[in-house]
Asker: 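Could you have a look at this structure, given as structure tokens, before my questions?
FYI, side chains are in, hydrogens and waters are out, and symmetry mates aren't considered; it's all heavy atoms of this structure. As the structure lists them, so they are numbered: ligands from 1, and atoms in each ligand from 1. What you see is a predicted model; the values in this text were computed from it and never measured.
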Amino acid sequence: MKPANSVLSSYGTTVFEVMSRLAIEHGAVNLGQGFPDGNGPGDVVRAAAVALTEKNNQYPPMLGLPELRQEVARHAKRFYGLDVDWSREVIVTSGATEALAACLFGLIEPGDEVVLIEPLYDSYLPIVRRAGGVPKLVRVEPPDWSLPRADLENAFTYRTKLLLLNTPMNPTGKVFTRDELLFLAGLVERSDAFVVCDEVYEHITFDGAEHVPLITLPGMRDRCLRIGSAGKTFSLTGWKVGYLTASADLLGPVSKAHQFLVFTTPPNLQHATAYGLSLDDGYFTELGQDMKRKRDRLADGLAGIGFDLLPCDGTYFLNAGYRGLADHVDDEAFCRVLTLEAGVTAIPLSAFYQTPDVGGFLRFCFCKADSVLDDAVSKLAGFLG
Ligand code: PMP
Ligand code: GLN
């Protein structure tokens, strides 16, 4: 057989799938892959069901239903004061994953440099490389995830085409501050680059941490492509509805990639997402508050067992150091042991780095029912205590 594409073939199955399969196989409580328990807000799900039976099920417009694009624009104005022309500056995508791929395929020319901040969400690097981009990796690290400003200064050159920025950041739980974003904006302008802004956790921030979309900062309006996800905002990760906001000049090439990747996204889910985005502020505030309660519940339990907790200002994820509990075990092996013997699955933090030399930390997902979190903590306590 002739060889398949070498970039994609060089990757194994994603760690989220691997750990979820292992959890199922061993009947473990799955705090690995990031998906909420439950079935999302009932009214949003019902809106999808009604649209399925009562509205059109044929191809919607390639850029997305006008109703949804209008709501995406209104949402940007309501939460960030951003003026968006829905007819020229919004595309609906099949999840944030497709939005990311469309941006990268649409904008990267082979040889272009792309700055990325590790630890990385799994799809970034394979798609950058498949598009012919040359990754320039900069790391944030435990215990404080502070921004390595000198490394970033060095990573940006005249060859930099893009920065791929994720805030609130998976897996770290870091919410970039305005000051950090202003620093990045300066580097982006200096290199005359664009920024793909993965903001899927925009409404999941805690303790007063403010999510600032980079696109709202001076000089950034025409350089940023801002990505949101109904999966995260409505706790419906299986829906794979995303939305992309950028200047018409940037969206043009990205829509070329979108039309050949998926062309469009199921219309009933678009209708329901439009309904969801029109909900009162209370819905969005409660989402963050609810997740904060869950973070605190899991954090208290893990701290009681002896894990060292890392800061977490947003997302679904809490990272914890285990050196005080199991000194010499590497994190991948420890995740296997915990799944098989304690009955709890987490994700090894090293899986998000290219060079897996950040040892001794696990990523736990806390967007679960209280009873599930309590069960996980008591199983871990039983095994490690
Ligand atoms: N980016 C990040 C940082 C994520 O955590 C996720 C969640 N899986 C995605 C993108 C993908 O989102 P979607 O399910 O909408 O494709
Ligand atoms: N975003 C999820 C996580 O980080 C997983 C998404 C996926 O499985 N592709 O756990």
Asker: Got Arg139 and Pro148 here, is their nearest side-chain heavy-atom distance under 4.5 Å?
Answerer: no
Asker: Considering both backbone and side-chain atoms of Gln33, is one of its nitrogen or oxygen atoms within less than 3.5 Å of a nitrogen or oxygen in ligand 2?
Answerer: yes
Asker: Consider every N or O of Val241 and every N or O of ligand 1, then say whether any pair is closer than 3.5 Å.
Answerer: no
Asker: Salt bridge check, Arg293 against Asp290: does any charged N sit closer than 4.0 Å to a carboxylate O?
Answerer: yes
Asker: Report, in ascending order of atom number, the atoms of ligand 1 lying under 4.0 Å from any heavy atom of Asn170.
Answerer: 3 (C), 4 (C), 5 (O)
Asker: So is there a nitrogen or oxygen of Lys240 less than 3.5 Å from a nitrogen or oxygen in ligand 1?
Answerer: yes
Asker: How close does the nearest protein non-hydrogen atom get to atom 2 (C) of ligand 2, and which residue and atom is it?
Answerer: Gly34 N, 3.8 Å
Asker: Starting from atom 9 (N) of ligand 2, locate the nearest protein heavy atom and write down its residue, its atom name and how far away it is, to 0.1 Å.
Answerer: Tyr121 OH, 3.5 Å
Asker: If we only count heavy atoms from C-beta on, is the Phe307 to Phe364 side-chain gap below 4.5 Å?
Answerer: yes
Asker: Going by distance only, is there an N or O of Asp198 that falls short of 3.5 Å from an N or O of ligand 1?
Answerer: yes
Asker: Less than 3.5 Å between some nitrogen or oxygen of Lys232 and one of ligand 2, yes or no?
Answerer: no
Asker: Who's the nearest protein heavy-atom neighbour of atom 12 (O) of ligand 1, and how far?
Answerer: Ala96 CB, 3.5 Å
Asker: Can a cation-pi geometry be assigned to Lys174 and Phe176, taking NZ or CZ under 6.0 Å from the six-membered ring centre and within 45° of the ring axis?
Answerer: yes
Asker: So for Arg363, does at least one of its heavy atoms come nearer than 4.0 angstrom to any atom of ligand 2?
Answerer: yes
Asker: Assess whether ring pair (Phe, Tyr, Trp, His ring centres under 6.0 Å) is satisfied between Phe35 and Tyr316, documenting all intermediate values.
Answerer: CA-CA 8 Å; Phe35 60 90; Tyr316 288 164; 9.2 Å; no
Asker: Indicate yes or no: does Lys294 engage Asp37 in a salt bridge with an N to O separation below 4.0 Å.
Answerer: no
Asker: Taking N or O atoms only and a 3.5 Å limit, does Ser229 qualify as a polar contact for ligand 1?
Answerer: yes
Asker: At a 4.0 Å threshold, what atoms of ligand 1 neighbour a non-hydrogen atom of Asn166?
Answerer: 3 (C)
Asker: Find all atoms of ligand 2 within a distance of less than 4.0 Å from any non-hydrogen atom belonging to Asn170, and give their numbers and elements.
Answerer: 1 (N), 3 (C), 4 (O)
Asker: Give the residue, atom name and distance (to 0.1 Å) of the protein heavy atom nearest atom 5 (O) of ligand 1.
Answerer: Tyr201 OH, 2.6 Å
Asker: For the atom pair OG1 (Thr160) and CG (Asp192), what is the distance rounded to the nearest 0.5 Å?
Answerer: 10.5 Å
Asker: Does at least one non-hydrogen atom of Tyr316 fall below 4.0 angstrom from an atom of ligand 2?
Answerer: no
Asker: Tell me which part of Phe35 gets within contact of ligand 2: side chain, backbone, both or neither, using heavy atoms under 4.0 Å.
Answerer: neither
Asker: Answer yes when Asp308 and Arg323 have at least one side-chain N-carboxylate O distance shorter than 4.0 Å, and no when they do not.
Answerer: no
Asker: Nearest 0.5 Å, what's the CG-CG distance between Leu152 and Leu184?
Answerer: 6.0 Å
Asker: For atom 6 (C) of ligand 1, what's the nearest protein heavy atom and its distance?
Answerer: Lys232 NZ, 3.4 Å
Asker: For Glu202 and Tyr80, test the side chains for any donor-to-acceptor distance below 3.5 angstrom and give the result as yes or no.
Answerer: yes
Asker: Between ligand 2 and Thr14, can you find any atom pair, the residue atom being a heavy atom, that is separated by under 4.0 Å?
Answerer: no
Asker: Ignoring hydrogens and angles, tell me if any N or O in the side chain of His258 forms a donor-acceptor pair with the backbone of Gly106 under 3.5 Å.
Answerer: no
Asker: Can you name the atoms of ligand 1, numbered from 1 with element, that are less than 4.0 Å from a heavy atom of Gly95?
Answerer: 15 (O), 16 (O)
Asker: Do any nitrogen or oxygen atoms of Thr97 lie less than 3.5 angstrom from nitrogen or oxygen atoms of ligand 1?
Answerer: yes
Asker: May I ask you to decide whether Glu332 forms a salt bridge with Arg336, counting only side-chain N to carboxylate O separations under 4.0 Å?
Answerer: no
Asker: What I want to check is whether the side chains of Arg130 and Tyr11 have a donor and an acceptor closer together than 3.5 Å.
Answerer: no
Asker: Atom 7 (C) of ligand 2: which protein heavy atom is closest, and how many Å away?
Answerer: Phe16 CD1, 3.6 Å
